[in-house]
Amino acid sequence: MRKILVWSYVVHNLHVKCCSQLGIIQQVEKQCAHFYSVSITEEEARSGFVCRVQSSDKSKFKVCTRVWCMILLYFDKVENGGLSLALQEDSAKTGKVTSAGMYFLGFPVYRLDQAAHSMATAKDPDMAFFKKLDGFQPCELTEIKAGTHVFAVYGDNFFKSASYTIEALCAAQFTEEKQNLRTVEAQILSKRVELSKFESEYREVLQQFTEMTSRYAQEMQAIDELLKQWSEIHASYTVAPPMKRSSSKNKNRSASKDTKEDGEVREKKSTTRERPKKKKWIRVPFENYRGPNSAKIGAADSS
């Protein structure tokens with residue numbers, strides 16, 4: 001960020017919006033910054049002030065109040081007319097857009113450091129869960145004074161420019177949102193304390209589960225071994241010689257031979273059954289045969 005101090009920069013005027021006005025839409029070149037000057041009245045400072053920037057491009061940027069880097073930066077003026085960085089906020093993905101914001105609401109507000117959570121996630125999924133809220137820390141500044149302030153948007157992209165929209169808002173119209181923010185942040189802080197206690201309980205139960213799982217495997221192995229010994233002792237109550245175990249090849253050959261022989265026998269029986277039976281002819285001595293009319297024929301001849 002020190003490089004920004006020696007840059008020559010142009011400061012654009014950014015007006016505070018108290019109604020439904022559109023923000024300024026700009027396009028910041030890669031590794032460049034846009035600076036904005038905002039004048040805040042006493043009433044606006046008491047009501048609260050918000051500076052937000054968002055982009056739908058798939059690239060990161062940072063916003064700064066009185067800034068010179070890639071963040072949302074907030075600066076204080078120094079005696080020589082330069083800018084001294086007072087606050088910075090990295091952009092984060094929220095839904096389909098990338099956004100960053102600074103909230104000067106007159107009460108403690110919090111920011112979530114995504115970098116701390118990402119480092120924990122890479123090491124251990126369980127650790128990532130329990131450390132998810134560790135990056136939820138209070139912002140350094142909670143209020144802003146009346147006067148002129150400088151913000152900047154820096155394009156954190158090495159390959160292309162990024163389009164963005166920047167808004168400067170008076171929080172007077174966001175009374176309900178301010179109360180909701182305080183309520184939710186209080187719940188998050190309470191949940192962080194609960195999560196710390198839950199982690200201790202979880203680690204203890206997880207260790208017990210690991211031990212029980214290991215014991216389960218050991219007990220199963222011991223039971224199988226005892227049942228095997230029990231079966232062998234039962235089998236030892238005999239005077240018969242131990243059966244010879246033939247090799248698997250002999251068994252296969254014997255089974256194949258039996259199957260072949262059985263098939264041949266069946267085939268032979270089937271052939272025998274299917275062969276037609278020959279008719280038996282009885283030889284009759286015709287010289288001694290007399291038909292049913294032989295008597296009559298003899299009688300006729302004798303007459």
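Basis for what follows: all heavy atoms, side chains included, without hydrogens, waters or symmetry-related copies.
- A salt bridge does not link E201 to K197: none of the charged side-chain nitrogens sits closer than 4.0 Å to a carboxylate oxygen.
- To the nearest 0.5 Å, the span separating CG on L181 from CD on E176 amounts to 12.5 Å.
- To the nearest 0.5 angstrom, W230 atom CH2 is 7.5 Å from L227 atom CG.
- Between K131 and E199, the shortest heavy-atom distance links the atoms NZ-OE1, 4.1 Å.
- Within the 4.5 Å cutoff, the side chain of S236 has no heavy atoms near those of the E232 side chain.
- A 6.0 Å sphere centred on CD of Q221 holds no more than 12 heavy atoms belonging to other residues, nucleotides or ligands.
- The distance from the CD1 atom of I223 to the NZ atom of K228 is 16.0 Å, given to the nearest 0.5 Å.
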Inset, instruction - Could you give me the CA-CA distance, side-chain angles and deciding distance for V38 and F49, then say whether side-chain contact (heavy atoms from CB on, under 4.5 Å) is met? - result: CA-CA 11 Å; V38 183; F49 173 78; 4.0 Å; yes
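- The two residues L195 and F130 come nearest to each other via the heavy atoms CD2-O, 3.6 Å.
- Considering all non-hydrogen atoms of both residues, R192 and D134 come closest at NH1-O, 4.4 Å.
- L169 is connected to F107 through a chain of hydrophobic side-chain contacts under 4.5 Å among Ile, Leu, Val, Met, Phe, Trp and Tyr, so both are in one cluster.
- A 6.0 Å sphere centred on CD of E177 holds more than 12 heavy atoms belonging to other residues, nucleotides or ligands.
- In this structure, R52 CZ and F151 CZ are separated by 13.5 Å, a value rounded to the nearest 0.5 Å.
- For T142, the side-chain contact (heavy atoms from CB on, under 4.5 Å) test picks out no residue, with sequence neighbours left out.
- The two residues I40 and K145 make their nearest non-hydrogen contact at CB-O, 4.5 Å.
- Between Y164 and Y36, the two ring planes are perpendicular [angle over 60°; tilted spans 30° to 60°].
- In terms of heavy-atom proximity, K178 sits nearest to S47 at NZ-O, 3.0 Å.
- Under the 4.5 Å side-chain heavy-atom criterion for grouping Ile, Leu, Val, Met, Phe, Trp and Tyr, L206 is connected to F129 within one hydrophobic cluster.
- Hydrophobic clustering (side-chain heavy atoms under 4.5 Å, transitive across Ile, Leu, Val, Met, Phe, Trp, Tyr) groups L133 together with V184.
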Inset, instruction - Under the side-chain contact (heavy atoms from CB on, under 4.5 Å) rule, what do M102 and L141 come out as? Steps first, then yes or no, please. - result: CA-CA 9 Å; M102 291 184 177; L141 298 178; over 6 Å; no
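- Here the closest non-hydrogen pair linking G106 and E143 is CA-CB, 4.3 Å.
- Rounded to the nearest 0.5 Å, atoms CD (Q179) and CG (L105) are 11.5 Å apart.
- Using cut-offs of 30° and 60° on the angle between ring planes, the pair F136 and Y110 is parallel.
- Distance check: Q207 CD to Y202 OH gives 12.5 Å after rounding to the nearest 0.5 Å.
- Without hydrogens or angle criteria, T213 side chain to F209 main chain gives a donor-acceptor distance under 3.5 Å.
- With sequence neighbours left out, E219 forms a salt bridge (charged side-chain N to carboxylate O under 4.0 Å, His left out) with R215.
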